[in-house]
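Source: prediction; values computed, not measured.
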Amino acid sequence: MKANGNDSKKFKGDRSPCSPSRVLHIRKIPNDVTESEIISLGLPFGKVTNLLMLKGKSQAFLEMASEEAAVSMVNYYTPIPPHVRSQPVYIQFSNHRELKTDNLPNQARAHAALQAVNAVQSSGLTLASVHGSEGLVLPGQSPVLRIIVENLFYPVTLEVLHQIFSKFGTVLKIITFTKNNQFQALLQYADPMNAHHAKVALDGQNIYNACCTLRIEYSKLTSLNVKYNNDKSRDFTRLDLPTGDGQPSLDTTMAAAFGAPGIMSSPYAGFAPAIGFPQAGLSIPGVPGLGPLALTTSAITGRMAIPGMTVIPGHSVLLVSNLNPDAILPHGLFILFGVYGDVQRVKILFNKKEIALVQMADATQAQLAMSHLNGQRLHGRVLRITLSKHQSVQLPREGHEDQGLTKDYTNSPLHRFKKPGSKNFQNIFPPSATLHLSNIPPLVTDEDLKILFASTGCTVKGFKFFQKDRKMALIQLGSVEEAILALIELHNHDLGENHHLRVSFSKSMI
């Protein structure tokens, strides 16, 4: 390939989808970009063997050692274009099979940068292999961070972590899990320096105002082994991994742009979390070359607690599919989704009863319900939940009866979150086999409650009254699905003496 007057024609040809090649065409690069910055885009995926910068055209060509590495790189960056100096750059396969730059002028800097990077890489590999033999790495030399999110007032998803930590370098893998009742994650960067910068900048920061505090330390692991790509774990360099049995699988729109945060249109136009939003000019101290750290709003699934701002209604309607048409009723969906917000309306589709629309009070509650209930089992079916395009659920016109499939719950006395500052806001937990019971009258015994729950068809495995307050108890059932059905059936059940039983999911076990 030669840099001559015909280049622009070749570049136009590069814009059409090309068959895989180890040469990649990078567009819209900033004028002040350095060779090493472009090379660093390719390093996580394998060895970079050549580089041609065409700054006058804001373009570059990068040659990888193997086609496989180039395919991984394109797959990773297509849904989420990388940012170089705060500008998005676009990467695709080139028509060229290799770069021949030996006779071109101005290649000395590119070759020097390549030599320097390869020297660092090879020494880094020996370093890793020396420590790898012991299974441990000295602090600061591991590319893997262990992240604990304290004060988890709103759900933090894998996408949110990816968006925050991507500001410091290429994130290769994330695994999330709950341990000791804490939400934790292991996150692997392409380079230990990325991990170092992220730890320095983010340790102790809040994701959202006054909650979701990040505690970050280096992991003893040097690499993560991700087996499944789903909402709990992801290998961003391997799009071919299965979702895993029983795991919520990604829907088709998400699969098309795999791993991209912000596939759902944002319910929070103009919002950003506490970790520094550009309007306030917050930037990260101590990290050279990094501007403000702001999530794109589409990755945010928690309530924004920015003073003086209110949540924009936005996408508050959920599309719920794969329901059991023989068992589902609007009341059941109202009670279940009501654990995570105040349900306004429910519509089960007349001609397709496996599908329903559930309208929550606001976008935050819709996100909460979706993140906790998607993938759970109800009446023997795995629920699939996405944001609906509808802004509201329409009631049937007068005289057009729809067999009671559409219900309006706007003025329901069963809403859990109507009172501002209600304790219910602090007791939102994922579905679990253990239920929290409250408002139990004095004369009702543990046997009464065990018989009541067994009457719904579930197995009672344990029961315990609270020592300090006999109005409350925990009951452990045979499975999460049993607990979901029991909650639907028995929340607000009349126990006599004007006491209606309150049922919610518990974070505790018996």
Side-chain angles (χ1 to χ4, degrees), residues 1-3 10-11 13-14 17-27 29 33-55 59-82 84 89-104 106-130 132 141 143-144 166 169-173 188-195 222-226 235-241 258-259:
M1 165 184 169
K2 291 181 181 172
K10 288 184 180 177
F11 296 140
D14 270 352
C18 299
S19 57
S21 160
R22 64 192 184 98
V23 179
L24 299 167
H25 178 209
I26 305 171
R27 293 185 289 119
I29 63 171
V33 71
T34 65
E35 283 79 358
S36 58
E37 283 173 303
I38 296 297
I39 293 167
S40 70
L41 292 172
L43 285 182
F45 306 94
K47 189 175 179 183
V48 177
T49 47
N50 208 346
L51 169 71
L52 175 63
M53 303 274 279
L54 299 167
K55 286 190 183 175
Q59 298 177 351
F61 289 87
L62 194 71
E63 181 186 271
M64 302 298 289
S66 71
E67 193 175 291
E68 187 184 14
V71 169
S72 292
M73 184 171 164
V74 168
N75 286 343
Y76 179 80
Y77 287 131
T78 299
I80 321 160
V84 176
V89 299
Y90 300 93
I91 300 173
Q92 61 200 54
F93 297 117
S94 166
N95 287 326
H96 306 289
R97 299 289 130 196
E98 61 177 341
L99 283 182
K100 292 177 182 160
T101 58
D102 298 344
N103 303 323
L104 295 180
N106 306 323
Q107 276 300 99
R109 283 181 59 174
H111 285 149
L114 280 167
Q115 281 177 325
V117 164
N118 287 333
V120 168
Q121 245 194 342
S122 53
S123 65
L125 288 172
T126 43
L127 186 75
S129 57
V130 168
Q141 290 176 338
V144 180
S166 289
T170 302
V171 175
L172 301 185
K173 302 170 188 176
Q188 182 180 342
Y189 275 110
D191 187 290
M193 281 309 289
N194 302 147
T222 52
S223 180
L224 300 179
N225 180 22
V226 175
D235 183 337
F236 293 97
T237 65
R238 291 274 315 275
L239 302 193
D240 54 325
L241 291 178
F258 196 95

Pair Leu41-Tyr77, side-chain contact (heavy atoms from CB on, under 4.5 Å): steps then yes or no: CA-CA 9 Å; Leu41 292 172; Tyr77 287 131; 4.1 Å; yes
Report the distance from atom [atom1] of [X] to atom [atom2] of [Y], rounding to the nearest 0.5 Å.
{"X": "Leu52", "Y": "Ile26", "atom1": "CG", "atom2": "CD1", "value": "10.5 Å"}
{"X": "Leu224", "Y": "Asp235", "atom1": "CG", "atom2": "CG", "value": "9.0 Å"}
{"X": "Glu35", "Y": "Ser40", "atom1": "CD", "atom2": "OG", "value": "11.5 Å"}
{"X": "Asn50", "Y": "Phe61", "atom1": "CG", "atom2": "CZ", "value": "12.0 Å"}
{"X": "Ile29", "Y": "Ile38", "atom1": "CD1", "atom2": "CD1", "value": "4.5 Å"}
{"X": "Gln59", "Y": "Leu54", "atom1": "CD", "atom2": "CG", "value": "6.5 Å"}

Of all the heavy-atom pairs spanning [X] and [Y], show the shortest one and how long it is.
{"X": "Pro20", "Y": "Arg97", "answer": "O-NH1, 2.7 Å"}
{"X": "Tyr189", "Y": "Val171", "answer": "CE2-CG2, 3.8 Å"}
{"X": "Ser223", "Y": "Val144", "answer": "N-CG2, 3.9 Å"}
{"X": "Pro81", "Y": "Val89", "answer": "CB-O, 3.5 Å"}
{"X": "Met64", "Y": "Ala69", "answer": "CE-CB, 4.0 Å"}

Output field: ring centroids His25/Phe93 closer than 6.0 Å: no
Intermediate values then yes/no, side-chain contact (heavy atoms from CB on, under 4.5 Å), Lys173 and Arg238: CA-CA 9 Å; Lys173 302 170 188 176; Arg238 291 274 315 275; over 6 Å; no
Just so I know, are the side chains of [X] and [Y] near enough to count as touching, which here means a heavy-atom distance under 4.5 Å?
{"X": "Met73", "Y": "Leu62", "value": "yes"}
{"X": "Thr49", "Y": "Arg22", "value": "yes"}
{"X": "Leu114", "Y": "Gln107", "value": "no"}

Check against side-chain contact (heavy atoms from CB on, under 4.5 Å), Val33 and Met53: CA-CA 10 Å; Val33 71; Met53 303 274 279; 3.8 Å; yes
Step-by-step side-chain contact (heavy atoms from CB on, under 4.5 Å) determination, Ser21 to His96: CA-CA 7 Å; Ser21 160; His96 306 289; 5.8 Å; no
